[in-house]
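A quick note: this is a predicted structure, and the numbers were derived from the prediction, not measured. Lettering of chains follows the sequences in order, A, B, ..., and the numbering in each one begins at 1.
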Protein chains: 2
Amino acid sequence: MRVSAEQRRRELAAAALRVVVRDGVAAATIRAIVAEAGMKLASFHYAYRSRDEVLREVVRLVVEGERETTAAALAEAAAPPASGRADEAGGPELLAALTRRTLGAYLASVHADPGREQGMLELTFTALRTPELEGVAAEQYAQYRGLVAEILAAGAELAGMRWTAPLEELARAIVAISDGLTVAALVDPDADLEPVLDLLVPALVARAEPALTAERIPG
Amino acid sequence: MRVSAEQRRRELAAAALRVVVRDGVAAATIRAIVAEAGMKLASFHYAYRSRDEVLREVVRLVVEGERETTAAALAEAAAPPASGRADEAGGPELLAALTRRTLGAYLASVHADPGREQGMLELTFTALRTPELEGVAAEQYAQYRGLVAEILAAGAELAGMRWTAPLEELARAIVAISDGLTVAALVDPDADLEPVLDLLVPALVARAEPALTAERIPG
DNA sequence: GCGCGTCTGGGACAGTTGTCCCACTTCGGG
DNA sequence: CCCGAAGTGGGACAACTGTCCCAGACGCGC
């Protein structure tokens with residue numbers, strides 16, 4: 001079977017991601033990657049120049065994946081409104097519920113597939129230690145913050161609220177909180193992190209106030 | 001020069017820690033460790049059975065180090081009271097300042113020596129992936145939480161406050177926050193994390209109330 | 001139909017790794 | 001003083017790594 005180099009690149013990157021998630025970055029050798037992809041060793045250097053290059057691609061792949069997950073999450077968050085929302089629940093309470101639910105969903109995904117987020121953090125650390133991957137980690141996290149900012153904006157709109165702190169600032173805080181929760185969930189999968197969410201979510205929502213909608217301005 | 005096996009174990013563990021901090025866990029090969037310690041390769045297997053065994057020892061070493069750092073931090077936190085404290089500043093404000101200062105000091109240490117905390121996280125992740133190191137990560141974080149709980153108790157006492165949430169719960173949250181801030185500082189060393197602290201510290205202090213001291217009970 | 005460039009297969013290479021071994025040195029107690 | 005045990009030195013080993021090479025097979029455009 002003959003496949004284009006571009007197709008091969010994608011398959012190899014996907015295989016590399018699977019290996020990283022399952023066995024960790026350290027185990028993601030070129031041989032392990034091509035085996036996962038069901039290819040021959042030589043095919044690798046036909047598609048990529050080096051191991052670092054695949055890892056860079058993997059990070060890109062992951063960020064893209066998060067983007068899709070985010071989009072899905074946003075759609076889902078917008079779904080349950082049918083049961084009546086903006087009028088029934090107050091803005092702040094709704095925003096808190098949304099924030100809470102989103103963070104909770106993320107945490108559930110970590111519990112469901114711990115290797116995934118651990119692999120991501122391992123990738124980040126590898127990038128930080130590898131000169132050839134300079135800037136990859138920073139870029140990865142900039143993307144994360146951008147995604148979170150989108151979610152924040154969407155959530156506020158949904159709840160009829162307005163953030164009183166810069167979105168980038170809030171996004172940075174949430175990304176940090178997510179990473180912290182991730183490590184906590186990885187190290188101690190049985191721990192109940194709900195109280196931690198209860199502690200942190202209000203701090204976030206405290207940075208929002210009811211938005212003045214067009215309907216309410218006339219008063 | 002002839003040294004005892006015990007001495008050699010300590011020196012090797014210390015050398016291993018230096019390598020992990022400077023070059024990462026992946027670079028901490030047996031040869032790199034003995035080179036760092038200025039020993040011969042054979043000396044290693046005379047002191048340790050395997051690489052995993054040193055890593056386990058390194059984690060223990062690190063936790064001990066954190067314990068000392070913590071003790072020093074507690075002493076320092078107790079120092080500035082000479083300028084008048086409990087009476088001058090309100091309990092909640094003081095507790096907030098203490099919390100803020102402690103987290104800030106930790107963050108400063110990450111900026112001062114990024115490799116150290118990255119190395120610690122790498123060690124944790126390695127432990128999570130290595131069957132021979134099962135339980136090491138959980139133990140490491142249990143110790144962390146214990147240390148933080150001590151700091152919390154001391155801080156509350158200093159400020160004449162009382163925590164209204166279980167100490168273990170608060171400690172878990174703070175450890176998670178610290179990890180999140182660590183990753184943020186590692187990935188983007190130039191970022192200003194002060195606003196994030198401003199956001200999170202009040203959430204913690206909100207779980208404290210003025211303690212009823214003996215002097216105030218009579219009323 | 002066919003030639004040429006694209007892609008594949010298998011192997012080879014040097015470097016590095018963890019582990020082990022055996023001859024040697026050095027010390028401490030008799 | 002001297003012998004046995006504790007500690008040291010240097011090297012060897014197989015396994016594994018990233019990288020590279022070259023002969024061959026395939027498919028597409030002419």
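Taking the charged nitrogens against the carboxylate oxygens, A:E57 and A:R60 do have a contact shorter than 4.0 Å, which makes a salt bridge. The pair B:R51-B:E132 does not meet the salt-bridge criterion, since no charged nitrogen lies less than 4.0 angstrom from a carboxylate oxygen. The existence of a salt bridge linking A:E53 and A:R9 is confirmed by a sub-4.0 Å separation between a basic side-chain nitrogen and an acidic carboxylate oxygen. With respect to A:E169 and A:R207, no salt bridge is recorded, no charged nitrogen being found less than 4.0 Å from a carboxylate O.
Atom CD of B:E132 is separated from atom P of C:dG18 by 14 Å (rounded to the nearest Å). Distance CG (B:L12) to P (D:dG7): 14 Å, rounded to an integer number of Å. For the pair B:D52 CG and C:dG18 P, the computed distance is 10 Å after rounding to whole Å. Rounded to an integer number of Å, the gap from B:E53 CD to C:dT19 P is 10 Å. If you take CZ of A:F44 and P of C:dG10, they are 19 Å apart, rounded to a whole angstrom. The nearest whole Å value for the distance from the CG atom in A:L41 to the C1' atom in C:dT8 is 12 Å. In this structure, NE2 of A:H45 is placed 13 Å from C1' of C:dC13, rounded to the nearest angstrom. Regarding A:Q7, its CD atom lies at a distance of 19 Å from the P atom of C:dT6, rounded to whole Å.
Between B:A28 and A:S43, the residue whose closest nucleotide on DNA chain C is further toward the 5' end is A:S43.
Residues satisfying the ring-ring contact (aromatic ring centres under 6.0 Å, His included) criterion with A:Y141, sequence neighbours excluded, are A:Y144.
Residue B:Y46 places its side chain closer to D:dA6 than to any other of C:dT19, D:dA6, C:dT8. Of the candidate nucleotides C:dG11, C:dC7, D:dG10, C:dC7 has the atom lying nearest to any side-chain atom of A:R8.
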Test log, rule side chain to side chain contact (heavy atoms under 4.5 Å, CB included), inputs B:V136 and B:L123 = CA-CA 10 Å; B:V136 170; B:L123 274 176; over 6 Å; no

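Without hydrogens or angle criteria, A:E11 side chain to A:A37 main chain gives no donor-acceptor distance under 3.5 Å.
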Produce the list of close N/O pairs, under 3.5 Å, pairing protein atoms with atoms of nucleotides 15-17 of chain D; give distances to one decimal.
none

